[in-house]
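Written below as structure tokens is the structure these notes are about.
Counting convention: from 1, in listed order, for ligands and their atoms alike. Quick note: residue numbers are just sequence positions, from 1.
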Amino acid sequence: MVHNFNAGPSILPKVVFEEASQAVLNYNNTGLSILEIGHRTSLFQDVMDEARALVRELMKLDDDREVLFLHGGATTQFMQLPMNLLDDKETAAYTDTGVWSTKAIKEAKLFGKVETVCSSKETNFNYIPKDFAVPNDAKYLHITTNNTIYGTQWQTIPHTSNSLVADMSSDVFSRVLDFNAFDLIYAGAQKNMGPAGVNLVVVNKNILGKVKRNIPTILDYRNHIKEGSMLNTPPVFAVYVCMLTLRWLKANGGIAAIEKLNNEKAAALYAAIDESTLFTGTANINDRSKMNVCFVMNDPSLEETFLNFTKENQIVGIKGHRLVGGFRASLYNALPLSSVEVLVQLMKAFTKKYA
Ligand SMILES: *Cc1c(COP(=O)(O)O)cnc(C)c1O
């Protein structure tokens, strides 16, 4: 058995792959593949409706929140969000907690003024800034709830009188939050929800329609809401697999239950890092991510040996991002605790041999 710690695209539940492969061959005994049915048929309409309803149910969303599955990755939202929410002369506040935040800032500047209210760039984004002020007139405050590359995560969501928007690509559905505290949430699917090629957008419909610019039809959230997230052909297979993953999540007790498991997985791995004299975590302890665990070896010349040792033992995807180096183990919802236990045992065995 392979233990998949990939950062994204990443592990999904095995039952989801089994059901999805069956649906490619013969969807619900229709004799047709999920890939060859019209998106306007009731067969697919039911999939889209169920996917949207599951998001609403799992996140406990208020009635004024709209759930959309849109084309493009989270990167598309870096642009689409300010295009819909920020006028030329207005200011938006952004927190700069990693490369993804930096990219979001760059795109927002195409549409209005941006104030970067805090940044942890000077220490290679190894912490979440705590003291910062948001201008009263800022149209919104943008945060990246989990910083996939650096392994940091906002443990508490900042209180603000401004409208709050978030990139939740790498920790969506992993922990209980007051999702109604956000006016807009977006997430690329391929970290915790489904295949690449679709992103989830949850938006408070009351904040839309306030900017003066003309928005291209396909980029205006209001058009997608009006058309029930079917303005044009949606990425049908990606939406279908997301729906299966959300069904799996609900059947396993929902977000609160998965959060408990995610906490156990992260606690076990961080304990192994902290107990060993060979390894050091790279993120500030109070800001450690429960999704992406980043660590290095105190003696970098041992890193290749450890990587090969884990590879021989069926561990996949723990090489760190080039901007941080070392190792990154991603512990997304579908990763079982048993895979973390295998990695922990390998770290212990390696420490015994080399420390
Ligand atoms: C992966 C990731 C992105 C980029 O997603 P794409 O779907 O490739 O555009 C953006 N933000 C965060 C936090 C991510 O983890």
Fill in: Cationic N near anionic O, under 4.0 Å, K121 to D96
no
Practice prompt. Using distance alone, decide if ligand 1 has a nitrogen or oxygen within less than 3.5 Å of any nitrogen or oxygen in G188.
Written response: no
Worksheet item: What do we get for F78 next to ligand 1 when only non-hydrogen atoms under 4.0 Å count, side chain, backbone, both or neither?
Response: side chain
Discussion item. Using a 4.0 Å cut-off to any heavy atom of Q190, which atoms of ligand 1 qualify?
Written reply: 5 (O), 6 (P), 7 (O), 8 (O)
Worksheet item: Should E50 and R247 count as an ion pair when the cut-off is N to O under 4.0 Å?
Response: yes
Practice prompt. Pick one of side chain, backbone, both or neither for how T76 approaches ligand 1, counting any non-hydrogen atom pair under 4.0 Å.
Written response: neither
Worksheet item: To the nearest 0.1 Å, how far is atom 2 (C) of ligand 1 from its closest protein heavy atom, and which atom is that?
Response: K191 NZ, 2.6 Å
Worksheet item: Does an N or O anywhere in N146 fall below 3.5 Å from an N or O of ligand 1?
Response: no
Item to complete: Determine, using the 4.5 Å side-chain heavy-atom cutoff (strictly less than), whether M297 and F295 are members of one ILVMFWY cluster.
Response: yes
Fill in: Numbered atoms and elements of ligand 1 in range of T144, under 4.0 angstrom, heavy atoms
13 (C)
Worksheet entry | Residue K89 excluded, over 12 heavy atoms near NZ under 6.0 Å | no
Worksheet item: Which bit of K103 gets closer than 4.0 Å to ligand 1, counting heavy atoms only: side chain, backbone, both or neither?
Response: neither
Worksheet item: What's the spacing between L343 CG and K265 NZ if we round to 0.5 Å?
Response: 12.5 Å
Worksheet item: If you measure from CG on L68 to CZ on R65, what distance do you get to the nearest 0.5 Å?
Response: 13.0 Å
Fill in: Atom pair OH/CG of Y221 and L184 - distance to nearest 0.5 Å
5.0 Å
Worksheet item: Is it true that K14 and E18 have a side-chain N and a carboxylate O under 4.0 angstrom from each other?
Response: yes
Item to complete: Specify the protein heavy atom at minimum distance from atom 11 (N) of ligand 1: its residue, its atom name, and the distance to 0.1 Å.
Response: D167 OD2, 2.6 Å
Discussion item. I'd like to check which ligand 1 atoms, numbered from 1 as shown, lie under 4.0 Å from a non-hydrogen atom of S169.
Written reply: 10 (C), 11 (N), 12 (C), 13 (C), 14 (C), 15 (O)
Worksheet item: Can you list the atoms of ligand 1 that are under 4.0 Å from a heavy atom of T75?
Response: 4 (C), 6 (P), 9 (O)
Practice prompt. Could you find the nearest protein heavy atom to atom 5 (O) of ligand 1 and give me its residue, atom name and distance?
Written response: A74 CB, 3.6 Å
